[in-house]
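I have placed the structure first, in the form of C-alpha cells, so that the comments after it can refer back to it.
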There are 2 protein chains.
Amino acid sequence: MQKEVTIYDIAKLLELSPATVSRALNDHPAISSSTKSLITSKAKEMGYRSNLFASNLRRQRTNTIGVIVPRLDSAFMSTVLAGMEKIANKSNYNLIISQSLESVKKEVANAKTMFDSRVDGLLVSLAADTDDLEHFNTFFRKGIPMILFDRVMPQKNCTNIVIDNVKAGYDATMHLLDQGCQQVMHVTGNVKRNVYADRLKGYKMALFDRGLPLSDEYIRLTDLTRQAGLDLASHIRQMAMPPDGLFIASDFCAASCMGALRQYGFTIPDDIAVIGFNNDPVSQVVEPNLSTIHYPGQEMGEIAAQTLINHLNGLLHLSTTNSILLNYELIIRQSSQRVKTP
Amino acid sequence: MQKEVTIYDIAKLLELSPATVSRALNDHPAISSSTKSLITSKAKEMGYRSNLFASNLRRQRTNTIGVIVPRLDSAFMSTVLAGMEKIANKSNYNLIISQSLESVKKEVANAKTMFDSRVDGLLVSLAADTDDLEHFNTFFRKGIPMILFDRVMPQKNCTNIVIDNVKAGYDATMHLLDQGCQQVMHVTGNVKRNVYADRLKGYKMALFDRGLPLSDEYIRLTDLTRQAGLDLASHIRQMAMPPDGLFIASDFCAASCMGALRQYGFTIPDDIAVIGFNNDPVSQVVEPNLSTIHYPGQEMGEIAAQTLINHLNGLLHLSTTNSILLNYELIIRQSSQRVKTP
DNA sequence: TTTGAAAAAGCAATCGGTTGCATAAAAAGA
DNA sequence: TCTTTTTATGCAACCGATTGCTTTTTCAAA
C-alpha cells in the first residue's frame, strides 16, 4: 500500500508552491506554459492522481449525477441508463444510480441519500405512486438542477424529457382502426403517471376522431405484468363482445396476453389485432411479431444526461427549456397487419 | 442557497468542541449517552448533514463501490444490478456503475476512472475479449478488494461468484437426451469467457457420459444475438442431418431461433427440442414456452455486494473464500418436454 | 537607469470532519 | 481526605486541493 502522491510532493520536488502546481494542473492562465509542461510531465512521471475529495470539499461540487429510476431491471430503463452512462463517462461525471421500486417511500429515501451525497444534479423517473415533488424541495431550494424523464410531472424550473405519449397513443389506436378494427380495447398502467394517462388520452382522441363510442368496458387499468396479460386474455375470452383490436401500453404484457389469446383459439391479427408499446426486444421474438411504438431509450438517456451536464457547465440554462420532446416511431409488424401491402 | 450546518455550528451552540460533536454523531463509546442524545437531537433540529467529502478526505475511504459490467441493457445484468443496489443502499454504500460494452479498451478506461474515484471496492464482470487482469493491478497493489461475478477469471486474492456452468450445461444437455434427443446441438458465445467455455464443457461431458459421439458440426460459436438465432435456424434447415435437440446458451437467441425454425416447418419440441439459458423474461412469453436454466441474477448481485461490504467492514476476509457457487435451476417448459408426465 | 505595468508565482486561509494525545472531571479505592 | 482509575471532553494537527490577495519577477517604455 504505497503512499499517494500529492501536489505537495510535486511542489517540493520542483521547488515550487502547491498553489502553482494546482493551477498548472488545472490549466490556469496565470501559469507560464513552460512551468505548466514541467509540472504536468513531472506529475505523470510520479503517478500523481488528483484527490477528488479534497477537490470536492474545497470546490463544493462533486462531478456526480444522481439517477433515480422506478426499476433497474426493465429493458427500457436499462437502455436509458446505458445512454446516460455513455454521456456521463465521456464528460467525466460519475453516476450514482438507485431504484425506487415503484414506491414513493423508497423514492424519498433515495432522494435523501442523493442529497447527502451532494450530487451536482439529478435525473429522475418517478415511481408509480408519487403524488408530488415535495421530497425534492431540498434540491430546488439549493438550486441543484433536476431533470425528469419518461415518468414526469409538471414542475417549475424542472425540465421534462418525454415523447409525445398522447400522439403515440393516438397513432397506435389509429393504426388499429386503419386495419379495420371496430372495437379497440386499451390496456394501460397506473394513470397517475403521465405516460399512461397520456396514452389513454390519445386512445380516446382517436376513437373520438373516428366518431366511435367510448366505453369503460374497453379500457382496463392493470399493472402491465406478465400475469396481467394472462388475466386480460381470460377476461377477453369471457366477454360478450370481445374487442377486435388491442392496444396494450407495454410490449411484455402484450406478448404474454397474445400467447394466451392464441391458446384460447383467437387468431392474431385476424380476430384481434394487437399493438404494444416500447419496442422491447421481446416484440421481435414473439409469434407473431408484435407491432409497437419504438421508444428511444438510449437517446432519452443521452439527452437527459447531456442536458444536465450542459447546464452544470454553464453552457445552457435549464430554465429556458421546460420540456424536450423526442420522436417515437410506429413500428408495424405482423400482430396488427391485416391490410397487406403488395 | 442557505448555508450548510457543520459540526462547528452545533459545537458552538451547545458550547462543546467539534471533536465531541463528531464523536457523538458517530456513536463513539467515549461520549456519555446524555451528551450524545443532546447532540443528535440538536443536529436533527438544525438540519445538519454530514459532509461526506470532508469525511472521506480524512478517513481515506469513500463508501463507494465501483461496478463494471459488459452491458447495462441486458435483462440478466439489470437484475444483478438491482440486487447490488438493494444491498449497497441498505449498507450505506453508493454504487458507481459503468459499462465496458464488451471491449477491453473501455474496460481499462473504466477501471482507471474507478481508481481515480477511489472506490473502496470493485465488482466486475469481464468484457468478451478481456485476456488478463493487468488493468486491475493498481487495485491489487493498493489492496483494494475486487470481486468478479458471472464472467470471471481465476486470480489470486480475488473472489469469483458464479454458478456451476459446467454442471448447468451438463444438466441442460442431459435433459434433452432424456427427452429422447439423439443429436443435440450446442450454440454458445465467445469461449474465451468462462461461462460459455464451461457450458460447452458440460455439453461435451453429457454426450460423453451417454457414449454419444462429439462432432464439431454440432457446436456453433456465435454472438448469441437475435440475428444469430435467425442465422442458426436457416443453417439448421440446410443441414443434411439437422439436430433434434438444441441447447442455446442464451434465451433471447434461442427464442428468435425457435420462431424461425417454426416458420421453416419444424415442430418444437417434437422435431427439435430446445433449451435456452438464463431464464430471461422472454422465455415465458415465446411460443412454446422456453425451457431454460434459471440464473439467479438478483441473488448474485446481492451476494457480490454483501460479500464485498462484509470484507470492507472487516467482517470477512475475502482471501479466505476464493469462489462462491450459487445454485441454478433447470426449468422445464414446453419447448423441450416430449416425455409427458401424467 | 528608473519607473510602471503586466505576468508569474507564493502565502496562507479555507473546505468540514476525524483522531491521537492531553486534560479535566467524576467515581472508586485506600 | 487523598490517591488512583475510569470516564468524558478538548486541543490541535491532519486529510489535499483551491483561491483571494500579495509579492516577486520580467520586460518594455520613459
Side-chain angles (χ1 to χ4, degrees), chain A residues 1-40 42-44 46-64 92 115-120 142, chain B residues 1-40 42-44 46-64 92 115-120 142:
Chain A
M1 181 117 171
Q2 69 218 23
K3 195 73 174 42
E4 283 291 334
V5 179
T6 71
I7 52 169
Y8 296 92
D9 301 326
I10 301 177
K12 202 174 291 170
L13 240 104
L14 295 177
E15 297 186 312
L16 287 168
S17 81
T20 305
V21 175
S22 169
R23 290 198 176 95
L25 292 171
N26 287 308
D27 208 23
H28 193 282
I31 305 293
S32 73
S33 54
S34 60
T35 331
K36 259 179 205 168
S37 63
L38 178 68
I39 289 176
T40 46
K42 196 72 184 176
K44 184 167 290 177
M46 298 174 69
Y48 166 80
R49 53 183 192 136
S50 165
N51 185 319
L52 283 181
F53 304 109
S55 172
N56 287 339
L57 173 58
R58 179 62 224 236
R59 299 195 312 176
Q60 308 281 35
R61 66 179 295 190
T62 64
N63 266 72
T64 298
N92 236 339
F115 192 64
D116 288 343
S117 303
R118 287 185 168 53
V119 295
D120 289 341
K142 276 190 73 76
Chain B
M1 183 116 169
Q2 69 219 21
K3 195 72 173 43
E4 284 290 334
V5 180
T6 72
I7 52 167
Y8 295 93
D9 301 325
I10 301 177
K12 201 174 293 169
L13 238 103
L14 296 177
E15 297 185 312
L16 287 166
S17 81
T20 306
V21 175
S22 170
R23 290 198 176 95
L25 293 172
N26 287 309
D27 208 22
H28 193 283
I31 304 294
S32 72
S33 53
S34 59
T35 335
K36 259 180 205 168
S37 63
L38 178 69
I39 289 176
T40 47
K42 197 70 183 176
K44 183 167 288 175
M46 297 175 70
Y48 167 81
R49 54 184 192 134
S50 164
N51 186 320
L52 284 180
F53 304 110
S55 170
N56 287 340
L57 174 58
R58 179 61 226 238
R59 301 194 311 175
Q60 306 281 40
R61 64 182 294 193
T62 65
N63 266 76
T64 298
N92 237 337
F115 191 64
D116 288 343
S117 303
R118 289 183 163 58
V119 294
D120 289 341
K142 276 190 71 76

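First the proteins, then the strands, lettered A, B, ... as listed; each starts at 1. Scope of the values below: all heavy atoms of this structure, side chains included, with no hydrogens, waters or symmetry mates.
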Full working for side-chain contact (heavy atoms from CB on, under 4.5 Å) between Thr6(A) and Asn51(A): CA-CA 8 Å; Thr6(A) 71; Asn51(A) 185 319; over 6 Å; no
Toward the 5' end of DNA chain C, by each residue's nearest nucleotide, Pro29(A) or Pro18(A):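 It is Pro29(A), whose closest nucleotide lies nearer the 5' terminus.
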Pair Thr35(B)-Ser32(B), side-chain donor/acceptor within less than 3.5 Å: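 Yes, Ser32(B) and Thr35(B) have a side-chain donor paired with an acceptor closer than 3.5 Å.
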Under 3.5 Å side-chain donor-acceptor pair for Asp120(B) and Thr62(B):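 Looking only at side-chain atoms, Thr62(B) and Asp120(B) do form a donor-acceptor pair, the distance falling under 3.5 Å.
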Backbone N/O of His28(A) and side chain of Lys36(A): donor-acceptor pair under 3.5 Å: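 Side chain of Lys36(A) to backbone of His28(A), a donor-acceptor pair under 3.5 Å: yes, one is there.
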Is any side-chain N or O of [X] closer than 4.0 Å to OP1 or OP2 of [N]?
X: Ser17(B); N: dG10(D); answer: yes
X: Gln60(B); N: dG16(D); answer: yes
X: Thr35(B); N: dT9(D); answer: yes
X: Asn26(B); N: dT18(C); answer: yes
X: Ser32(A); N: dA8(C); answer: no

Options dT9(D), dG16(C), dT18(D), nucleotide nearest the side-chain atoms of Arg58(B):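 Comparing dT9(D), dG16(C), dT18(D) against the side chain of Arg58(B), the answer is dG16(C).
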Proximity to the side chain of Tyr8(B) - top-ranked nucleotide from dG16(C), dT18(D), dC15(D):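 Taking heavy atoms from C-beta onward, the closest nucleotide is dG16(C).
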Quiz item: Arg59(A) side-chain donor-acceptor pair to dT18(D) base, under 3.5 Å: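 No pair found.
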Donor-acceptor pair under 3.5 Å, Arg23(B) side chain vs dG10(D) base: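 For Arg23(B), whose side chain was compared with the base of dG10(D), there is a donor-acceptor pair (under 3.5 Å).
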Describe the nucleic acid contact of [X] in one word from base, sugar-phosphate, nothing, applying a heavy-atom distance below 4.0 Å.
X: Leu25(B); value: nothing
X: Asn56(A); value: nothing
X: Ser22(A); value: base
X: Arg49(B); value: sugar-phosphate
X: Ile31(A); value: sugar-phosphate

Earlier contact from the 5' end, DNA chain D, for Ala19(A) and Phe53(A):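 The residue mapped nearer the 5' terminus is Phe53(A).
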Heavy-atom side-chain proximity of Leu52(A) to Arg118(B) below 4.5 angstrom: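 No - every pair of side-chain heavy atoms lies 4.5 Å or more apart.
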